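Notes follow the structure.
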2 protein chains.
Amino acid sequence: MKNLLLQNISKHVSLTSEEDDIIFNAFDKASLKAKTIAIKPGDEAHFTYFVLKGILRSYTIDDNGTIHILSFATPGWWVADMYSYLTGKPAVLYVDVMEDCDVLILQRSDAERLFTEVPKLERFFRILTENNLIANQQRILDKMALTAEERYEKFLQKYPDIINCLPQKYIASFIGVTPEFFSKMKSNLLRKK
Amino acid sequence: MKNLLLQNISKHVSLTSEEDDIIFNAFDKASLKAKTIAIKPGDEAHFTYFVLKGILRSYTIDDNGTIHILSFATPGWWVADMYSYLTGKPAVLYVDVMEDCDVLILQRSDAERLFTEVPKLERFFRILTENNLIANQQRILDKMALTAEERYEKFLQKYPDIINCLPQKYIASFIGVTPEFFSKMKSNLLRKK
DNA sequence: TTTATTTCTTAATATAGATTAACAGCCAAT
DNA sequence: ATTGGCTGTTAATCTATATTAAGAAATAAA
């Protein structure tokens with residue numbers, strides 16, 4: 001019985017059971033308590049999480065103290081401070097725990113060793129990164145070309161499953177508006193329909 | 001004497017001269033005339049360009065007819081409609097030619113064949129995509145957290161070389177403001193200093 | 001050189017979304 | 001039960017940026 005990680009990887013590349021083992025053993029397991037901060041700016045966060053259970057988010061805090069959410073991570077998703085993970089420099093993001101989590105942890109150094117040992121894993125991460133890149137490009141264009149309302153509707157379509165377990169001010173932050181404006185916008189939407 | 005492409009790849013992985021040949025031969029060469037459209041939405045654009053000479057840009061046009069520039073590409077850079085290139089579906093972006101270009105063209109099918117033949121190339125593209133992803137994540141956060149002025153100053157620092165060969169309304173479009181506002185903002189900046 | 005086209009500037013007006021503030025509802029802890 | 005802290009709502013006011021318009025400057029075309 002494959003675990004969530006191997007299931008996830010096998011969506012893009014097929015592994016032998018030896019490869020399964022090599023890969024799985026490279027990960028550490030950890031539990032993270034809700035309302036704790038897993039990564040903060042300045043940390044040497046040279047690892048990535050794979051979420052088995054719970055929810056995390058990544059974000060920055062600007063000079064006014066406003067939070068800007070970059071991503072949410074639910075079971076089956078990856079989260080990291082990609083900058084720190086990929087460059088080996090200190091983190092620029094916060095990652096915190098919204099609901100108690102079980103995660104698998106992959107250190108960058110182990111990932112690099114694995115890439116040579118199991119080239120198919122390098123392929124998997126290439127594809128994962130490619131898909132992530134496309135999504136981010138679209139998000140840049142959406143922020144420039146769409147209204148807050150349209151971005152909200154896209155969000156609803158794209159993440160229908162996590163909306164319910166998310167305070168709505170987090171959705172506001174993700175799509176790039178204040179919670180007050182978001183509240184008003186939502187009631188406008190209801191009135192229209 | 002290595003050409004620009006192989007020089008570029010060798011920044012991240014080191015190739016034997018046979019690998020150099022295999023890779024270089026997988027590319028087609030083409031010249032593109034200024035003011036022509038290389039890719040438009042709907043095209044089956046299952047390839048990526050590597051720029052040897054000239055400048056291209058990628059962008060979308062929204063419902064109001066406004067252009068939103070996603071990227072510029074100068075010699076040594078890659079451009080594609082990543083969505084079409086990676087998924088094999090029709091393009092979503094425009095790519096057009098700002099100055100007469102010489103480009104190398106890599107078809108996705110050839111890239112995939114090469115990845116197996118020369119795993120180091122897969123590594124190169126993984127790294128390229130990773131770096132691109134980091135830059136895009138930062139751009140998302142910048143659009144949410146920074147003012148237009150701050151985004152402009154970041155742009156100046158990041159792309160000091162291409163500013164001069166760029167109509168300023170293109171810079172405005174890249175950082176996500178109208179040309180009128182950009183003009184006003186620039187004269188404010190001058191007055192301040 | 002003259003004309004035409006595109007780009008840039010300035011200014012008036014408009015608007016999407018931010019800010020501030022006050023209040024109501026909801027949990028969790030005392 | 002009551003306090004205190006989050007979260008969401010509503011409303012007034014404010015601001016960064018958009019829109020519209022018109023002229024000036026620069027480039028390209030004739």
Side-chain angles (χ1 to χ4, degrees), chain A residues 33-37 55 57 59 61-69 72 96-100 140-155 162-192, chain B residues 33-37 55 57 59 61-69 72 96-100 140-155 162-192:
Chain A
K33 274 278 152 214
K35 299 187 184 185
T36 58
I37 292 180
I55 309 183
R57 62 171 176 165
Y59 58 96
I61 302 183
D62 69 20
D63 297 344
N64 308 314
T66 306
I67 287 180
H68 303 277
I69 297 179
F72 299 106
D96 75 10
V97 184
M98 293 168 53
E99 290 179 10
D100 286 1
I140 290 170
L141 294 173
D142 285 351
K143 187 81 211 290
M144 301 210 278
L146 303 182
T147 64
E149 229 169 76
E150 291 166 324
R151 273 177 274 138
Y152 174 50
E153 272 167 355
K154 269 208 159 184
F155 183 87
I162 59 166
I163 297 159
N164 307 307
C165 47
L166 222 59
Q168 78 176 31
K169 67 172 189 168
Y170 286 15
I171 304 177
S173 171
F174 183 91
I175 69 173
V177 295
T178 58
E180 293 85 356
F181 182 76
F182 185 75
S183 173
K184 185 164 65 168
M185 190 193 80
K186 251 190 30 174
S187 69
N188 283 346
L189 271 177
L190 284 178
R191 208 166 333 132
K192 273 191 214 167
Chain B
K33 275 278 153 217
K35 299 188 183 183
T36 58
I37 293 180
I55 310 183
R57 63 172 174 163
Y59 58 95
I61 303 183
D62 69 20
D63 297 343
N64 309 314
T66 305
I67 287 178
H68 303 278
I69 297 179
F72 300 107
D96 75 10
V97 184
M98 293 169 53
E99 289 179 10
D100 285 1
I140 289 170
L141 293 172
D142 286 350
K143 187 78 212 289
M144 301 210 278
L146 304 182
T147 64
E149 229 169 76
E150 291 166 323
R151 274 176 273 137
Y152 173 50
E153 272 166 356
K154 270 204 159 186
F155 183 87
I162 59 166
I163 297 159
N164 307 308
C165 47
L166 222 56
Q168 79 176 30
K169 68 172 190 168
Y170 285 17
I171 303 178
S173 171
F174 183 91
I175 69 173
V177 294
T178 59
E180 294 85 356
F181 181 75
F182 185 75
S183 171
K184 185 162 68 170
M185 189 193 81
K186 251 190 30 176
S187 69
N188 284 345
L189 271 177
L190 285 177
R191 203 160 342 124
K192 273 191 213 165

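The shown structure was predicted, so the numbers you read here are calculated from the model rather than taken from an experiment. Any value given below was found using the heavy atoms of this structure, including those in side chains, with hydrogens, waters and symmetry copies removed.
- Contact annotation for A:Glu180: base contact, defined as any heavy-atom pair under 4.0 Å involving a base atom.
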When you look at A:Tyr170 and A:Ile67, which way does the side-chain contact (heavy atoms from CB on, under 4.5 Å) test go after all the steps?
CA-CA 9 Å; A:Tyr170 286 15; A:Ile67 287 180; over 6 Å; no
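- Toward the 5′ end of DNA chain D lies the nearest nucleotide of B:Phe182, the other residue of the pair B:Phe182 and B:Lys35 mapping further downstream.
- Side-chain atoms of A:Glu153 never come within 3.5 Å of backbone atoms of A:Glu150 as a donor-acceptor pair (strictly under, hydrogens ignored).
- For B:Leu189 and D:dT17, the CG to P distance is 12 Å, given to the nearest whole Å.
- Although no hydrogens or angles enter the test, the distance criterion places no donor-acceptor pair under 3.5 Å between the side chain of A:Asp142 and the main chain of A:Leu146.
- One interatomic measurement links the two molecules: CG of B:Leu190 to P of C:dC8, which rounds to 15 Å at whole-angstrom precision.
- Atom CZ of B:Phe181 is separated from atom C1' of C:dT13 by 15 Å (rounded to the nearest Å).
- Positionally, the nearest nucleotide of DNA chain C for B:Lys169 lies more toward the 5' end than for the other of B:Lys169 and B:Lys184.
- The CG atom of B:Leu166 sits 14 Å away from the C1' atom of C:dC8 (whole-angstrom rounding).
- When each of C:dC8, D:dT10, C:dA16 is scored by its nearest atom to the side-chain atoms of B:Gln168, the top-ranked nucleotide is C:dC8.
- For A:Ser183, the listed nucleotide lying nearest its side chain is D:dT10; candidates were C:dA18, D:dT10, C:dT10.
- Within the structure, a side-chain polar atom (N or O) of B:Thr178 is placed less than 4.0 Å from OP1 or OP2 of D:dA18.
- Under the 3.5 Å distance criterion, the side-chain polar atoms of A:Asp62 are matched with a main-chain donor or acceptor of A:Asn64.
- Rounded to a whole Å, the CG atom of A:Asn64 is 13 Å from the C1' atom of D:dT15.
- Residue B:Arg151 has a polar side-chain atom (N or O) positioned under 4.0 Å from OP1 or OP2 of D:dT17.
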